[in-house]
Structure formats: structure tokens, C-alpha cells
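Remarks on the structure that follows.
Note that these values count all heavy atoms, side chains included, but never hydrogens, waters or copies made by symmetry.
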Amino acid sequence: MSNSNQNARISVMAPRGAQPRIDALEPTELRLLLPDLPLDAEYAVAVTLPSRTEQTPIPVSLAIGFPSGGIALVFDEDAQVIVTVDGHDATDGSIDVDVTVLTRLIVVWVRRLETAAMDGGILESTGPGDTPQIDAFLAADLPPVLQAGVSTVLTVRLAREELDDLPDRRDAQMPLRIRPDLPLMVKLWRDNLRVAPGTRDVLELACPAPGDVTTGEFHVVGEVPGEAVATITVRQGNNAFPHSALVLTVTVTSGPVPAGLPPTIGTAPVEQLDPRLGDLPVLAVGEDLVAGTATLTFDLSLPDGFHRTYSGLSLVDKRGYLARLYDRLEELWDLHKDAPTRDGRRRAFDTALEHYGSELADDLLPEALRDDLAARWTLLDGLAVVTTETDIPWELLTVEVDSGPGPERLFLGEKGLTRWFCGGAHPGELSPLRDRRWVLCPDDYPIGLQLPHLTSERNYLRTELGARDIVPGSADVLGNLLFERKVDLLHFGGHGDIDSDNGLPKLLLSGFTGQLPPDAGSVYPADRLARDYPHPQDRSSPGPLVVLNACRAGRARTGTDAFAPAFLSGGAGAVLCCLWNVDDESAAEFVHMFYEALRNKKTASEALTIARTAARAMSTPAWLAYTLYAHPFATIDLTVPPEEIP
């Protein structure tokens, strides 16, 4: 396809009551479905395409019937238009065009991408919502080992009964509650995988009849030797929140795949859609990570019915970009941390962050999305970011909003932003038991590393929340506690650092002397969690609330080995962690306000908003440094009867 067709913009206008939907079937094929229109009528569709030789677009109009419920528009490699209606060529003038225009599809540009992402107002509606849901099962399977560069089939199956695992495949399955009258949109996100050229990364699966199975296929290619992850998200209707997510982890090898490998059963985190999420603004961020290049796509859904999908942006070297991003944050903090007053420090740091947040927004968000966020700023309260991406500090991005006297840069984090990680579980209620609440705030850091407010932080957890000390606070003791899953609340307060070899965060525990290399028992690295806190076989019980109140503990430089995604993949119910350096006093104040809001029956999103707002009013520089992964409406019962306080 010619270079003139590299960006897609699609808009749909339909008669009242219609349910138009545009599907990306192939990288060069789009389909408009109008299932609610009468099938015995004719409708006119206008198509506008760019000319290869002229500046003005080429219009193509046709009248069509809908006996099969749809039309297909296919664009060949020479950007010539082939329009088919029920298998007949519609470009030869044989179809009458002189009918009233009730529906219009306008294709301004054609985008040739694996994701087939559309930058434009894709109108999508579930229609009247009275159809009862039914039980269903979605299974996915892939060989446990792939040869790099060789295309392999990833099969997805949908049925009303539980499905059998397939031999010699890595299998995973999830139960669903779905509407039988709406198709399931199944999206494949890839890490160290790509889809084979000319194939899809989005499937539409119709609900099968009882006893039948609906099957779809993704064709994937492993990139480089090592681990590869296929994350499959499912949704129905006009909501950016995934209905559920399923994760398959496989190995890519450079040589031929050995024969006779045993099948491996995968564990699928089940995400049941909470109807209350329709009352929140949702920004869905999907990521495909291939050979170090991250491609991001976006959906924005608002409670007033607004829904728009935006073209993807690419970070050619995501790891390097994140390294530079966090180095810049450290530089800004070092520049302003010694301001003579606390208020002056916070204001100077905020101003520096506003300017840098604007740069990040320009780098990471499509212009149309930035414009929509600015125009609808008042509708963004309680913003939830639903994502397969765990590394970018979305809280820091600023939007330029017209505030009357002039434009004002405002942080996304000001809207109570919480994150919904598609590889984890998100319980709506957490009730940490008294004897499963743990705190680790080391009191033996050497001179020069001591944190004066750490004692009060530890005492608050013990006296007000009923937490018990992890003794002696070594890496093995913490690891064994996690492995045995005897944790409903885990709070770490202390120093965090970044490993110079892999860029992953680590916690500095009791016994840390400041000497390098440190004793293995005095440091807990993030990549140890894969062993200590693996994917659970049983997700019936809500996982713990994890709070890592340590500098840089929430940081990552691509991958799921960082603390937050590893805890969530292992079953944690909510994770709060700090993204960059903060001072000791600010850190203690922030988590205290967060816990107090939870104790006052606030939801996770409300508690985060209260803590951020109060911290900012108190001139606490840490007000924007924390990120929370949780169900936005989750309640966390932290009450402790006085007689039970240890």
C-alpha cells in the first residue's frame, strides 16, 4: 500500500436505533456492520479515499442491501478500491446509487498496521441492555515452546460448557458471563511476539449454541530467544474495560522445537466486569512489545457515552526511554529538594513536573486524545487506566486545559487515577484478617541512611491497623511468608533502590549496612517474586493489599518482573507503591492519609484522591509520587476492635 495511506480516520453516522460497528478483519480490510437495520431495505454508503496522484480525495458511493448484515471494503496493494457487496463487485456501476443516504461510512485514510487501530470516533453501542447474561468459557492454547521466526497458531475457543485442554499445548481457560446477543471482541497483546504479516490481532467471536464451539486463530511469531507472553483481553459492547483477561507464557528458542514436550496448564486471571465501572471515565492502554519497540493503542470511554479509539504510538527503545524518563525525574528532585521551605520545595518541584509532564504527553498520547482529555476534563474524576502496560508513569502526564484566564497544565494524577492491570485480579472487597497483617519497617539502617519518621510509621501500622512485625525482617523470612500465602496486608516502609544490572527495584531490609555488594538477606529484589509469589492455582479468595512505601519501588523498565505487576500476577488484590525519590516525612504522611481514608470506608480510588489532595495542600512533594493498582470501587476493611490490637 502506498505511503499516502498510513493514517486511518473513520467516523460513522447511523439512523437512530442502529448499532454500527467497524471491525478490523485484516490489516487492509475493514467491515461496517449494521445488525439492527431492516434487512429488506437499501441504504447508501459514501466512501472517501485518498488519491495516489491528486490532492483531493476520491469519493465512491454505492447503494447496498443488507441480507447478510454487512459490507466489506478491501484495499489492495496499489490503493485501488474494491468494494464487494455479498460477493459482487460494486465498483462497476451495476448497483444503483440513487437512494436516500441513511448511513454514511467515511474512510479518510487507510492504516496498514497489525493492530489496525483507528484514530477517529468509532461509534459502538450495546443497545438496550435487558438481555440476560449466560455462562460461557473461553480457552486459548499455544505450544509451550516456539521457534523464533516461525509462525505458530494460537487458538481461541468459546463455548457454553467447560472445554478440554489440548495435548502438547500450553492451555488456559476462563469462565465468563456474557450476553449471547453480542459478539465477543478478543484482542491479542504481545510481548516478544508479533502477529504474522497479513493476519489479525483482533477476533470477533459469536456466542455459540449449546454444545457448539466458536473457534478463532491468531498467527504469532516469536521474536528472540527467551520468554514470550500472549495476553488475551475480552470485552463486549461500548466499554474500554476488558471483560476478562487470559495470559499464556511460553518460551522462544533459536533452534527447532524438541518433540514430545509435555503440555502446561496456564492460569487465567478472571476479570468479571463490574457494572459500576460504566460510571467511571476509563482510559484503556494496550501495549505490544516486540524487539524492544512498544506500540501503544488507546480507548477513552466516558460516563456520558463518549467512546473513541486512537491510533497507536511507538517507542522504538522503550527501555532506554524509561531510563531517561526516570533519570530526568531524579534530576528534577535533586534540583529542588533543598529549597529552604517545604512549601517552596513542593511548588518548585510541581512546576518542573508540569513542564516535563507536558513533554511526556506529547511523546506518549496521540494529539486527538490530548484534545479530548482537555475538552472533557470535568468528566474525568475517578479516571481508571486499564492497561497491559505497567511501566509508564501515566499520573505525571499533563493536559492543557482552558481555565478561563488562560490555559493551565493539569496532571492526570489529579483525577484520582488508579490502574487496572489486565494480568491480575481486582477484587471489589478486601478484608485483611488481624493475624495476616504484616509490617516491615527496618530500624537498624546505618548512620546516613536512617529515616526518622519510620518509627512512627511502624507504630501506626501496629497500633491502629493491628499489623505484626516481620522478624527478623530478612529476605528469606519475607519470601517464606509470601510463598505460604499467609498475608492479607503487607506494608514495607524503608529504603528502595534500583539494581544497576537489570533496572529493577529492590527493597533494602533489616541488616542492610550500605556496603556493596550487600548481604543477600538484607535486600529483596523484585525479580525474586516470581519464585516466592507465583501465579496461584486458586483465585477464589481476594489477595492482599500491598503497600511499598519506598523510593522507586513502583518503578519498572519493561517486563512483568517489577514489584507491582509481579504481585498482581501472583494474586495481590491491590498494590500501592512509590515511583521516585521522596523525603521520609512526606512518605509517612502520604500512606497515613491513604490508610485513614480506607478506615473511613472510602473506596480505593477515593482514598487515593483524598491522600493526593491532602498531601498537596500540606505541601508534601510526594503527592503525585504514588501509583495504585486496584479495582477503583474496592473497599478495604482495616477496622480492628481495640481488644484485638496486639
Nearest-0.5 Å distance that lies between atom CD in Glu606 and atom OG1 in Thr613: 11.5 Å
Ring-ring centroid check His426 Trp420, cutoff 6.0 Å: yes
Pairs meeting criterion salt bridge (Lys or Arg N to Asp or Glu O under 4.0 Å) with involvement of residues 616-635, two or more places apart: Asp350-Arg616, Glu414-Arg616
Minimum heavy-atom distance Leu598-Thr603, with the two atoms named: CD2-O, 4.2 Å
Residues that Asp469 engages under side-chain hydrogen bond (donor to acceptor under 3.5 Å, both in side chains), provided they are two or more places apart: Arg458, Arg462
Contact summary for Pro427 and Ala634, nearest pair of heavy atoms: O-CB, 3.6 Å
Pairing residues for Lys506 by the salt bridge (charged side-chain N to carboxylate O under 4.0 Å, His left out) criterion, not counting sequence neighbours: none
Interatomic distance, Leu478 atom CG to Leu482 atom CG [nearest 0.5 angstrom]: 5.0 Å
Closest heavy-atom pair and its distance - Lys601, Asp637: NZ-OD1, 4.0 Å
Pair Ser456-Asn459, side-chain donor/acceptor within less than 3.5 Å: no
Results of side-chain contact (heavy atoms from CB on, under 4.5 Å) for Cys551 - residues two or more places apart only: Asn581, Val582
Qualifying residues under side-chain hydrogen bond (donor to acceptor under 3.5 Å, both in side chains), relative to Thr231, sequence neighbours excluded: none
Salt-bridge criterion met for Arg190 and Asp201 (N-O under 4.0 Å): yes
Heavy atoms of other groups near Glu359 CD, more than 12 under 6.0 Å: yes
Closest heavy-atom pair and its distance - Arg437, Pro432: NH2-O, 2.8 Å
Side-chain donor-acceptor contact under 3.5 Å, Asp299 with Thr309: yes
Distance-only polar pair, side chains of Glu227 and Asn192, donor-acceptor under 3.5 Å: no
Partners meeting side-chain hydrogen bond (donor to acceptor under 3.5 Å, both in side chains) with Asp488 (sequence neighbours left out): Arg436
Where at least one partner belongs to residues 597-629, residue pairs that pass ring-ring contact (aromatic ring centres under 6.0 Å, His included), sequence neighbours excluded: Phe411-Trp623, Phe590-Tyr626
Separation between CG of Leu638 and CD of Glu596, rounded to the nearest 0.5 Å: 9.5 Å
Arg347: partners by salt bridge (charged side-chain N to carboxylate O under 4.0 Å, His left out), with sequence neighbours left out: Asp343
Salt bridge (charged side-chain N to carboxylate O under 4.0 Å, His left out) evaluation trace for Glu395 with Arg419: CA-CA 10 Å; Glu395 295 84 354; Arg419 303 192 192 201; 2.8 Å; yes
Closest non-hydrogen atom pair between Ala587 and Asn549, with its separation: O-ND2, 3.2 Å
Where at least one partner belongs to residues 353-387, residue pairs that pass ring-ring contact (aromatic ring centres under 6.0 Å, His included), sequence neighbours excluded: none
Enclosure of Glu367 CD (heavy-atom neighbours >12, cutoff 6.0 Å): no
Test side-chain contact (heavy atoms from CB on, under 4.5 Å) applied to Glu331 - qualifying residues, sequence neighbours left out: Arg328
Distance-minimising heavy-atom pair for Gly416 and Arg612: C-NH1, 3.7 Å
Contacts of type salt bridge (charged side-chain N to carboxylate O under 4.0 Å, His left out), residue Glu389, not counting sequence neighbours: Lys318
Partner residues of Lys486 under the side-chain hydrogen bond (donor to acceptor under 3.5 Å, both in side chains) criterion, sequence neighbours left out: Glu484
